[in-house]
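Along the sequence shown, residues carry numbers from 1. Given the structure is predicted, the values throughout are model-derived calculations rather than measurements.
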Amino acid sequence: MTEGWIFDYGGTLDTGGQHWGKVLWHAYERHRIAVTEQQFREAYVHAERTLGKNPIIKPTDTFRKTLETKLRLQMAFLGIGDDALLPLLDDVYAGAVQQTARSRDILLQLKERCPLVLVSNFYGNLSTVLREFALDGIFEAVVESAVVGVRKPDPRIFLLGAEALGLPPYSVTAVGDSLEKDIIPARQAGCRTVWLQGEGWTAHDASAPEADRVIYGLDELLENNE
């Protein structure tokens, strides 16, 4: 039986398992922004690398502000004017608000059974983002890569999560949307794993180690399988 949960944030709690690159690409499609998917992917990678290497995101930045910054970097790379930004931002942010509200309901029910910890690669503003979506106070601790100096897929970040729960890794279940960044390193750390499988950035490698359990929606965690 699971005695504690480790949750990923981005792509798990805010999109329900869909990679953020796919979330944004489908928004580009809906708004008929004239770029190819390959051009978008290059812009997405450029923006992520830029944010990873430079302290652009501030600890007080909300998710909406973070998302706006990402979109500006992408659009500048693609040569798209700012007039397309606000409709795209409103669209994608509304989806995140809806999904995090659903995730919050599930997390509160799980919290009644055992403690939860958040383990995430983020920009140093995750506490602000959690308050923005009323997710603060749900987790015993937040282990954020920009704060602790360890990033997924390093298994040590999951050991920090288990330590924050005060539990040995074998009694903890880690939940995430990424095989490479969540499931494989969590298993290496000794945790049980649940893969939230959604639309990924790349096709799933069938040779990769599988999770202990695969789900297609966070509500499945409420079933008495853990």
Side-chain angles (χ1 to χ4, degrees), residues 7-108 118 120-139 142 144 146 176-178 196-202 216-219:
F7 277 90
D8 170 52
Y9 181 74
T12 298
L13 299 182
D14 55 2
T15 72
Q18 189 177 36
H19 190 282
W20 263 104
K22 289 294 187 179
V23 173
L24 293 172
W25 166 242
H26 292 319
Y28 274 63
E29 289 182 306
R30 286 194 298 275
H31 291 265
R32 298 181 180 180
I33 296 176
V35 296
T36 67
E37 184 173 4
Q38 182 57 39
Q39 289 171 328
F40 164 78
R41 291 173 75 93
E42 292 171 3
Y44 179 87
V45 171
H46 164 75
E48 293 301 311
R49 288 178 177 171
T50 300
L51 292 176
K53 294 177 180 178
N54 302 283
I56 296 172
I57 303 298
K58 307 304 180 187
T60 55
D61 282 354
T62 62
F63 182 73
R64 184 179 174 88
K65 176 63 176 177
T66 303
L67 187 56
E68 179 183 350
T69 301
K70 288 188 177 191
L71 290 172
R72 286 190 185 279
L73 287 169
Q74 292 171 16
M75 290 182 170
F77 182 88
L78 293 166
I80 298 170
D82 282 350
D83 56 332
L85 189 145
L86 187 57
L88 195 63
L89 175 61
D90 286 343
D91 179 346
V92 177
Y93 184 73
V97 169
Q98 292 174 0
Q99 182 58 53
T100 51
R102 289 191 289 269
S103 296
R104 181 179 185 275
D105 290 341
I106 294 164
L107 292 171
L108 288 172
L118 196 65
S120 177
N121 286 352
F122 221 74
Y123 308 102
N125 63 326
L126 190 50
S127 293
T128 299
V129 171
L130 294 178
R131 288 194 299 272
E132 179 182 5
F133 293 124
L135 295 173
D136 54 322
I138 294 177
F139 301 98
V142 175
E144 183 178 2
D177 69 298
S178 172
L196 176 60
Q197 186 178 2
E199 187 180 16
W201 182 242
T202 58
Y216 301 93
L218 289 175
D219 58 323

May I ask you to decide if Thr62's main-chain N or O and Glu132's side chain share a donor-acceptor pair within less than 3.5 Å?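 Such a contact is absent between Glu132 side chain and Thr62 backbone.
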
Any donor-acceptor N/O pair, Gln39 side chain to Thr36 backbone, under 3.5 Å: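 Indeed, once roles are kept as given, a pair shorter than 3.5 Å links the two residues.
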
When the side chains of residues 53-61 are checked against the rest of the protein, which donor-acceptor pairs come out under 3.5 Å, sequence neighbours left out?
from, atom 1, to, atom 2, distance (Å)
Asn54, ND2, Thr50, O, 2.8
Lys58, NZ, Pro55, O, 3.1
Asp61, OD2, Lys58, N, 3.0

Got a second to check how far [X]'s [atom1] is from [Y]'s [atom2], nearest 0.5 Å?
| X | Y | atom1 | atom2 | result |
| --- | --- | --- | --- | --- |
| His46 | Leu51 | NE2 | CG | 9.0 Å |
| Phe7 | Leu196 | CZ | CG | 9.5 Å |
| Leu135 | Ser127 | CG | OG | 11.5 Å |
| Asp14 | Gln98 | CG | CD | 13.0 Å |
| Phe40 | Glu29 | CZ | CD | 9.5 Å |
| Asp219 | Ile106 | CG | CD1 | 5.0 Å |

Identify the two heavy atoms, one from [X] and one from [Y], that lie closest to each other, and give their separation to 0.1 Å.
| X | Y | result |
| --- | --- | --- |
| Tyr9 | Ser120 | CB-OG, 3.7 Å |
| Ala146 | Gly124 | CB-N, 3.5 Å |
| Asp91 | His31 | OD2-NE2, 2.8 Å |

So do the side chains of Trp20 and Val92 get within less than 4.5 Å of each other, counting heavy atoms only?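 Answer yes - side chains close enough.
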
Are the side chains of Glu199 and His26 in contact, using a 4.5 Å heavy-atom criterion?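 Yes, side chains in contact.
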
Could you tell me whether Glu37 and Lys22 make a salt bridge, using a distance below 4.0 angstrom between a side-chain N and a carboxylate O?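 Salt bridge: yes.
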
What I want to find out is whether Asp136 reaches Arg104 closely enough, with some N-O distance under 4.0 Å, to be called a salt bridge.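 Salt bridge absent between Asp136 and Arg104.
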
Scan Leu130, Asp8, Leu218, Ile138 and name whichever one has a side-chain contact (heavy atoms from CB on, under 4.5 Å) with Leu13.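 It is Leu218; the other options fail the test.
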
Angle between ring planes, Trp201 versus Tyr44, binned at 30° and 60°: parallel, tilted or perpendicular?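 Rings of Trp201 and Tyr44: tilted, as their planes differ by 30° to 60°.
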
Students often mix this up, so state it plainly: with edges at 30° and 60°, are the rings of Phe63 and Tyr93 parallel, tilted or perpendicular?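 Parallel, since the angle between the ring planes stays under 30°.
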
In residues 72-83, what donor-acceptor pairs under 3.5 Å come from side-chain atoms, sequence neighbours left out?
from, atom 1, to, atom 2, distance (Å)
Arg72, NE, Glu68, OE2, 3.2
Arg72, NH1, Asp82, OD2, 3.3
Arg72, NH2, Glu68, OE2, 3.0
Gln74, OE1, Tyr28, OH, 2.9

For Gln38 and Arg41, does a side-chain donor sit closer than 3.5 Å to a side-chain acceptor?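 The criterion, which ignores hydrogens and geometry beyond distance, is not satisfied for Arg41 and Gln38.
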
